Amino acid sequence: MSTLAIEARERITLRHGSGGRAMRALIEDVFLQRVEANASPQDVGPEAMDDGAALWIGDRWIVVTTDSHVVHPVFFPGGDIGRLSICGTVNDLAMMGATEVLGLTCGVILEEGFLREDLERIQASMAEACREAGARIVTGDTKVMGRGEIDGIVLNTAGVAATGRVVRDCGLSVGDRIIVTGAVGDHGLAILAARHGLKLEGDLASDVAPINGLVRAALSAGGDGVIAMKDPTRGGLSSALHEMAQKSGVGIVLEEVAVPVHEPVRAAADLLGIDPLHVANEGKAVIGVRADAADAVLEALRAHPLGREAAIVARCIAERPGNVILDTGFGKRLLSEPEGELLPRIC
Amino acid sequence: MCLGVPGRVVSVREGFAEVDFWGVRREVCLDIVDEPVAPGDYILNHVGFAIRRIPAEDIAQTLALYETLLAEAPSNDLMVADVRGEISATGKR
Amino acid sequence: MIEEPRAEVALRQLKFRDPDTARRLVRTLERVTKEIGRSPVSVMHVCGSHEQAISKFGLRATFPKDLNVIMGPGCPVCITDMPEVDEGVALARQGCVIASYGDMLRVRGTALSLNDAQAEGATVEVVYSATQAVELAREMPDREVVFFATGFETTAVATAAIVRSELPKNFSVLSAHKYIPPAMEIVAEMPETRVEGFLAAGHAATITGWGIFEPFVERHRIPVVVAGFEPLDILAGLARLVELVRDETPTVVNMFPRCVTKEGNLRAQEELWSVFRPIGGRWRGIAHVPKGNLRLRDEWAHVDARRRFTIDLAALWDGVPPALAADCVCGDIMSGISTPTDCKLFGRECVPDAPVGACMVSSEGACRIWHQYGGHPNLEAL
C-alpha cells in the first residue's frame, strides 16, 4: 500500500456501528432524510428509531423488526451467531409489546470456504432458540460470496408479530421507575475477552436468550403500568437509558449499587478499565413502569427463570431532561454515553 | 495514568503467576516485581505485569492513616467517635 | 455499606470504598479547607487514573466549593503529541501491523488517528499487554509488527521487560512513553500557576518510590501527597494535602503504603533505565518538557522502529488543515490558569469527535467534561 494522500471524502468508521451517538446521527442524517410519512398517524415508523415498527392493520398492530448479525468470534462462551440472530429479533419484537411471534425470516450470506459443519452447528442453535421462544423461521435466503469478499458469515433475521397494545421506548414521565431484568455486561465482556485474546479465565459467558416469555409475564402483571421498554444491546444500559430519557423528555437518576453485575464481569471490567453500564447485553430488557406497578412487575420478573436478578435501578425526574445522573453511593455524576467500540484501557 | 488492579496469587511457575481478581483469573508476568511472590500473596497488576507485592499488613496500615487524619479533629466531633469504633472493629477481626 | 458477596480481602479492600467513611473524610476535607480561609485553594493531581477514579465514583460532587482540584498533565492518552501519533499512523499506512493499547486508537495526530488508518485498510491490533504484542509478531512472521508503546513510567517498565527478553525479528517498538516528574516541575515553575499542593500518582510512585519528590518539595516549597485510586485513598490523600497547605509544611507524605515505599521498585527502575533514556520533548497542549520523553537507548537500536524504518510523515502533512493547535489553551487549563470556555476553539473546531487539544481527547479531560455536561454540574440536589 503506497503512501496515499489524505482522503478528503468522509468514510464510515467502526464508530458508526457501535450503538452510540455517532450511529444515531448517521441514521438520522442519511436514512431518515427522505422518508415518506407513515400510512396512518399512529403507526410507529423508522423515524421513531424504536426497536421495531408497528403498523395498524384491521383491529390490531402488526409489529415488524429486522436485525443483522456480524459478531466475531462466531462461536463464543454462552452462545453463537445463530442463537444471537434469533434472540435479537425475538427480543426486539418483545420490546414493542409483541411477545407472540408470528414468523421469523433468516437471510444468510456465507463466505466461500466456510465450514459446512460450522453452518450446521449454527443452524442447530437457531432451531433451539426458536423452540425456547415458541417461534418459527417461515422463510429465508442464502447467498455465497467469494473468499475474502465477506468475513465468514453474516445473518439477517426479520420478525413479525401481532399485539393489541404497542409499548414504545418513549412513554416515561416524572416519578416512573426503571427496572433492569438481570445482571448487565455479560455478553459484551464475553465477546471482548474472546476477541482480543486477553486470556481471561473465569465465568464470562454471554447472556443471549429469548426474553419474550419474561416480557409477557411483566406485561400481564403490570398491564398499562408498563409504559416503556428498550433492548440494552450495543451501548449497554447507558445507551438504552439515554435514548429513553431523551425521547421521553425526562431526567433519570440511576443508583449504581442497585444495578446487578456478576462478579466475573465486574472483575474483568475493572481489569480492562471498562464500565459495565456501557457493555452490551443480549438477554435483558430495560422496563419503565409507573411507580405503583413497579413491585408487581418486579415480582413477576423474579418468578421467571430469566428474571431472577431483576432489580429496580432508577427513577425519572423533571430536572436535566435527556441526561442520566448516576448516584455512585459516594456522589453523583452525569453518566456518559458510550462512544465507539469498547476497548481495553490502560489509563 | 496507570490502571493498576490488586489480585491474589493462586499459583506460580517460572516467570509467571496465575492471579485471581475476585471473579476472573489471568496470568501475570513476574519479570519486574521486586520481591519473590508465593501463592496467597497479593500483587498489583498493570498491563499484565506484577509491579508490586502488597503485604497484607500494609492494607491495615493504610486504615491506620485514616485514624491520624481523624484523630486531629476535636474529640467532641461525633464523626470521630463513629469512625474510631469502626476502625477498631477492623483491627479486632 | 455495599453488601455484595466478596472475599475477606475484598471486604477489607471495600474498606477503601465504604461510603460512610467517605462521607466522614469529606467532612474533614471541608473543615480543613475552611480553616485555610482562602478561596479557592488550588491543588493538582497529575494522573489520568486519579481523574478516572474521581469521575467514576462521582467524588467531584463531594469536594468543597472552595477546593479546586485541577487535572494536571497526567493522562498519557492526551499528552502524547501529534507527531508521535503521526509516526504510528504513517507506519500503519506503510504496511506495518501496529499493536497499540486501546486508549490510543481514537487520538488524532496532525490529520489522522489509528482508527482512521484502520478504516483506510491498515492493520491496527488492540493489545492489553506488551507480551501480547510480541505474541502477535510470532503469529504473523511475514509482517513487520510495531508496538506503539505509550504510557508513563509504570507502563514503560513493562515495555522495558519485553525489550530485554528474546524477541522475534519482525518485532519493533515505537516508544511514545512519558516520564511524569519533569512535568510537575514545569507546572510548579509556571509563574501564574496557583497550585498549592500536588497529589502524586500512586502507581507511578510504586515504581519510582516517593523519595523522588523530596528534591521537588525542597525547590518549590509546596507539599506532595502520594495517593491510591480507591475513593477513600483519594479523599484521605486530599484531606492530608489540604492539612499540609493549612500548616504550610512543604513535605512529602505517603498515603499509599500498601504499594509505595521510599525507594520504590528497584528492579523495575534498573530495567527501565537500562532500556530507556529521558530526552526533552513537546507534550501535546503543554510545552517542551525537558527529560519528559522516554526513548530507547542506542544498544536497543535493533528493536527501535524509528531506526528500523524511514517514517514518511510528509505524505501525512500535505493537504492538512491549518494547524489549530496554536489557538489551543489546554496547557493553561492543565496548569489551572484557564477554563475550557476561555478557548475560542472550544465547542467549534475542537469537539469530542475532532479533538484538537489534550483536554478534549481524553474522556476525562476538562474540555470533554465541560463540552458534554456544561461545566461541573451541581447534581447533589437531584
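Below, all heavy atoms of this structure are taken into account, side chains as well, without hydrogens, waters or symmetry copies. In this text, all values refer to a predicted model and were calculated from it rather than measured experimentally.
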Spacing of L271(A) atom CG and L3(B) atom CG [to the nearest 0.5 Å]
7.5 Å
Heavy-atom count around E319(A) CD within 6.0 Å, excluding the residue itself: above 12?
yes
Region of V24(B) in contact with chain A, defined by heavy-atom distances below 4.5 Å:
both
Backbone N or O of G23(B) within a donor-acceptor pair of the R266(A) side chain at under 3.5 Å?
no
Report which part of L204(A) has an atom under 4.5 Å of a heavy atom belonging to chain B: side chain, backbone, both, or neither.
side chain
For N45(B), which atoms come within 4.5 Å of any heavy atom of chain A: side chain, backbone, both, or neither?
side chain
Going by heavy atoms in the side chains, are E27(B) and E201(A) under 4.5 Å from each other?
no
Please report the interatomic distance CZ(R26(B)) to CG(L272(A)), rounded to the nearest 0.5 Å.
8.5 Å
